[in-house]
Amino acid sequence: MKETDPYLAKFDELIAPTAGRHPSWVFPLRKAGIARFAELGFPTLKDEDWRFTNVAPLAKLPFKPVFGANTDGVAAKAPGRFTFADLNGPRLVFVDGHFAKEVSTIPSLAKGLKLGSLATAVVSDSAFLEKHLGRYVGTEKNAFASLNTAFFQDGAFIHVPADVAVREPIQLLFISTVRETGATTHPRNLIIAEKQSRLTVIESYVRTVDASYFTNAVTELVVGDDAVVEHVKFQDESREAFHIATVHGQFGRHSRVNAHSFALGARLSRNSIHVNLAGEGLECILNGLYLTKGEQLADHHMIVEHARPHCASHEYFNGILDDKSKGVFHGRILVQQVAQKTDAKQTNKNILLSDEAAVDTKPQLEIYADDVKCTHGATVGQLDDDAIYYLRSRGIGLETARQMLIHAFAGEIIDRVKCDPAREELDKLVWERLEANPHVAEKR
Amino acid sequence: MSQPILEIKNLHAGVEGKQILKGVDLTINAGEVHAIMGPNGSGKSTLAAVLAGRDGYEVAEGQVLYCGKDLLEMDPEERAREGVFLAFQYPIEIPGVNTTYFLKAALNEIRKHKGLSELDAVEFIELVKEKMKILHLPEDCLKRSVNDGFSGGEKKRNEIFQMAVLEPKLAILDETDSGLDIDALKVVSEGVNKLKRPDNAQFVITHYQRLLNYIIPDYVHVLFDGRVVKSGGKELALELEERGYESLVGHELQPA
């Protein structure tokens, strides 16, 4: 039996019979997804894009896609107790991948703004979704995005019309509550910000249980000309869980996009971020922080595709790694021939709090234009002794000095979040996590 | 006469197995400004590093007493809390650590050590605003990360500004004039002069006499090959400027 067989069987058993319940374009999309997944199979270490991240333990899990949500666990915990609870603005809550209306908050919305469950929108906005859903994310080489396309049940649909500025951040809160090993959800988000719109989206993945479940998410983020969008992805899954997420961005002319990734949880997490800079003169920042300990692995795999001239892309990823944990950073910058005057910058910095922690960092530049500025740099190391000494020479104790520097290292990334309340909360939360770790203060 | 602030007795020290200080003797009393001068390689920076407790320097022999206590036994932070301050020759840039936050933490550590109450944010800002005037520092320096992206002059002014806030008993100024243009030099020196009090002391380490036109020392010492070879009043600095180290130390070293 092949590794993918149980997935194909589940598709035939659970998805195929529901084909008639959805608009006619949906099933072919799913079918193409499962076919592609069957062809690709799970990636192995021989696959260049997965060289440092072994998903064999994930492939070995029993595949138990979750259909239907039980919101009792969440109601008991109240969504107000999760990260970003104090933020104003709309909040869509998804329990095990399904929209939970009763615990969501959707205040009155700006004219023309659409915000809600993707499953509902597939029916109610069928024609629009047919044009967009699955039209951006590349599934040819992405087995997990293909799998998501085959099995997705729900997620968020956000459509901001042209010239509309959504002032408050929109929160998408994905909560895992299933204890069963191998329970799998496929959150699927489609976010479209039309030209000259403004939008902040905070997409978080949290849990009420500690279990070996699997979250396989896909977000398509389409940003129109002159639009300004901030996307914050926050992952704090169970330390036994697997989290694979694909974010595909398609950005228009003169747009400004900040996309952040905070990876704190999961036994194995992978963020595949592919942005297509499809309009002239746009600026895009990809910014990320990963904190790992125990035997966690956090992988960020970026593809930044400069398809038009005069675009700037900046990638900043910092990692703080403890125990036997591992970080992976793979940053590919592709500058097409037409994309003259590209300004692409990439940095990946890592602090190891333990001798056994490790990082694989790999820049990959593919440049077909001749008038471009591309830089990359990576560091892996300990805290700066000179900086520690300087702080101590002013009366600050060694432990506090170390904490200050690590806080600063995380702060470099957190400070790039423009949404004030989200930034403040992230700062507080990351700091609490770091402070709780004795290796931050201790000299090793 | 009360106890000296600093007594260096027969100090032998080095780095990486290389002996650099070969028996330094020096006493600094409250209210005094001492300058130590010497050519490159004479041991000036080693002396500053040993006094401030920098890692990697080994003391082979001798003693340093600070207000009667064994300074060399103390960690760098203990020295600072006891009132020793080193103005760095090359201040360290610390991206991400906000200057205000850093300095408030430092001051409160020192206050705690002295048994004083910690300052809250409002009290601290009041204090800082007053001190900033002394150094003509732009306010945005406080909002920035420690020394991050500061010009050479701003870094040196920031050192003296920290000194103004922390009010040390013994300030060691390590080549504070290096890299400063004449205007910045004046501002920095004025700052240092304003911080002089009868109960504290300043120890100025410099290669050039230039700084001593602005910070007038009570005593000048010449360090050469790891030893203080000559001590005198402020006129000694001028003598050095005119005749150079070579003639002076050449003459002094002959009898040895």
Side-chain angles (χ1 to χ4, degrees), chain A residues 287-289 291 314 316-320 345 347-351 377 379 381-417 420 423-424 426-428 430-431 434-435 440-444, chain B residues 48-49 51-57 74-99 101-114 118 143-148 155 158-159 161-163 165-169 171-172 174:
Chain A
N287 183 52
L289 177 69
L291 308 183
H314 293 167
Y316 307 96
F317 283 79
N318 284 9
I320 302 173
K345 192 158 78 183
T347 62
N348 174 226
K349 297 195 282 188
N350 298 279
I351 289 182
T379 59
Q382 321 289 323
L383 291 173
D384 177 2
D385 284 336
D386 286 338
I388 290 176
Y389 172 65
Y390 189 81
L391 295 172
R392 294 178 79 191
S393 79
R394 297 300 180 247
I396 292 165
L398 175 60
E399 291 188 4
T400 311
R402 286 179 56 86
Q403 286 175 338
M404 271 186 175
L405 293 177
I406 289 188
H407 193 178
F409 183 76
E412 282 177 32
I413 299 298
I414 295 168
D415 283 350
R416 290 198 187 91
V417 175
D420 292 337
R423 185 184 60 246
E424 284 158 20
L426 281 165
D427 187 51
K428 196 166 143 261
V430 166
W431 187 228
L434 289 172
E435 241 182 349
V440 167
E442 205 176 87
K443 180 153 180 127
R444 289 180 70 106
Chain B
L51 293 179
R54 185 159 204 141
D55 260 356
Y57 288 84
M74 300 180 199
D75 283 335
E77 58 266 39
E78 272 181 88
R79 299 181 197 207
R81 291 170 193 170
E82 288 280 343
V84 178
F85 179 92
L86 172 69
F88 281 60
Q89 181 177 5
Y90 303 109
I92 310 293
E93 296 192 11
I94 312 182
V97 175
N98 172 273
T99 301
Y101 172 72
F102 148 72
L103 201 50
K104 181 164 168 276
L107 178 64
N108 280 333
E109 288 288 355
I110 293 168
R111 289 181 63 92
K112 253 194 295 188
H113 185 77
K114 288 181 181 164
E118 294 186 34
K143 293 184 187 142
R144 284 150 67 182
S145 294
V146 177
N147 293 321
D148 189 23
K155 281 181 186 168
N158 192 26
E159 292 293 289
F161 165 64
Q162 292 174 31
M163 173 179 157
V165 172
L166 302 178
E167 299 188 308
K169 204 178 196 66
I172 302 161
D174 188 10

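Just so it is clear: chains get the letters A, B, ... in the order the sequence lines come, proteins before strands, and each one is counted from 1.
Scanning all heavy atoms of the two residues, the minimum distance from A/A408 to B/P95 falls at CB-O, 3.6 Å. Nearest heavy-atom pair, A/G395 versus B/A80, reported as atom, atom and distance to 0.1 Å: N-CB, 3.2 Å.
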So which donor and acceptor atoms of chain A and chain B come within less than 3.5 Å of each other?
| from | atom 1 | to | atom 2 | distance (Å) |
| --- | --- | --- | --- | --- |
| A/D386 | OD1 | B/R54 | NH2 | 2.8 |
| A/Y389 | OH | B/A52 | O | 3.4 |
| A/Y390 | OH | B/N147 | ND2 | 3.3 |
| A/Y390 | OH | B/E159 | OE2 | 2.3 |
| A/Y390 | OH | B/Q162 | NE2 | 3.0 |
| A/R392 | O | B/E77 | N | 3.4 |
| A/R392 | NE | B/E77 | OE1 | 2.6 |
| A/R392 | NE | B/E77 | OE2 | 3.4 |
| A/R392 | NH2 | B/E77 | OE1 | 2.9 |
| A/R392 | NH2 | B/E77 | OE2 | 3.3 |
| A/R394 | NE | B/Q162 | OE1 | 2.5 |
| A/R394 | NH1 | B/L86 | O | 2.8 |
| A/R394 | NH2 | B/L86 | O | 3.0 |
| A/R394 | NH2 | B/E159 | OE1 | 2.7 |
| A/G395 | O | B/R81 | NE | 2.8 |
| A/G395 | O | B/R81 | NH2 | 3.1 |
| A/L398 | N | B/E77 | OE2 | 3.3 |

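In this view, A/I351 and A/L353, A/L383, A/F409 satisfy the side-chain contact (heavy atoms from CB on, under 4.5 Å) rule, not counting sequence neighbours.
Using a 4.5 Å cut-off between heavy atoms, B/I94 touches chain A through its side chain atoms alone.
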